[in-house]
Visitor: 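Sharing a structure with you now.
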Amino acid sequence: MKVYLLSLGAGLLVGIVYSLLNVRSPAPPVIALVGLLGILVGEQVIPFARTIIGKEPAVVSWVNQIKPHMFGHLPKGSEERTDLAKAERPADRERS
């Protein structure tokens with residue numbers, strides 16, 4: 001989640017700089033972004049409906065289908081970095 005907040009902060013900073021320079025942003029208009037969000041949500045309607053019709057709990061569809069597709073694999077934080085560092089150590093020894 002921290003990565004997303006940093007990304008938002010960076011975007012806000014760039015937006016402020018653009019405003020100070022009186023430059024238009026190359027980003028797509030908000031209406032296009034809303035349309036993309038609609039596509040992303042619309043893709044999940046059928047799998048969610050199948051879950052409901054199959055009388056499975058809605059959380060099954062959320063955890064297995066909707067969340068991974070809409071939000072991607074969220075960063076795990078320091079655990080991934082620690083695992084990566086451990087994995088790189090033997091390779092570093094071989095190079096020496």
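Heavy-atom basis, side chains included; hydrogens, waters and symmetry copies ignored.
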Visitor: In residues 14-32, what donor-acceptor pairs under 3.5 Å come from side-chain atoms, sequence neighbours left out?
Guide:
residue : atom : partner : partner atom : Å
S25     : OG   : A27     : N            : 3.0

Visitor: Roughly how far, to the nearest 0.5 Å, is CG of L6 from CG of L13?
Guide: 12.0 Å
Visitor: With R50, which of I46, I53, I52 fulfils side chain to side chain contact (heavy atoms under 4.5 Å, CB included)?
Guide: I46
Visitor: Do L33 and L40 share a hydrophobic cluster (ILVMFWY, side-chain heavy atoms under 4.5 Å, transitive)?
Guide: no
Visitor: Tell me who clusters with V45, hydrophobic residues only, linked when side chains sit under 4.5 Å apart either directly or through other members.
Guide: none
Visitor: Would you please name every residue forming a side-chain contact (heavy atoms from CB on, under 4.5 Å) with L5, sequence neighbours left out?
Guide: none
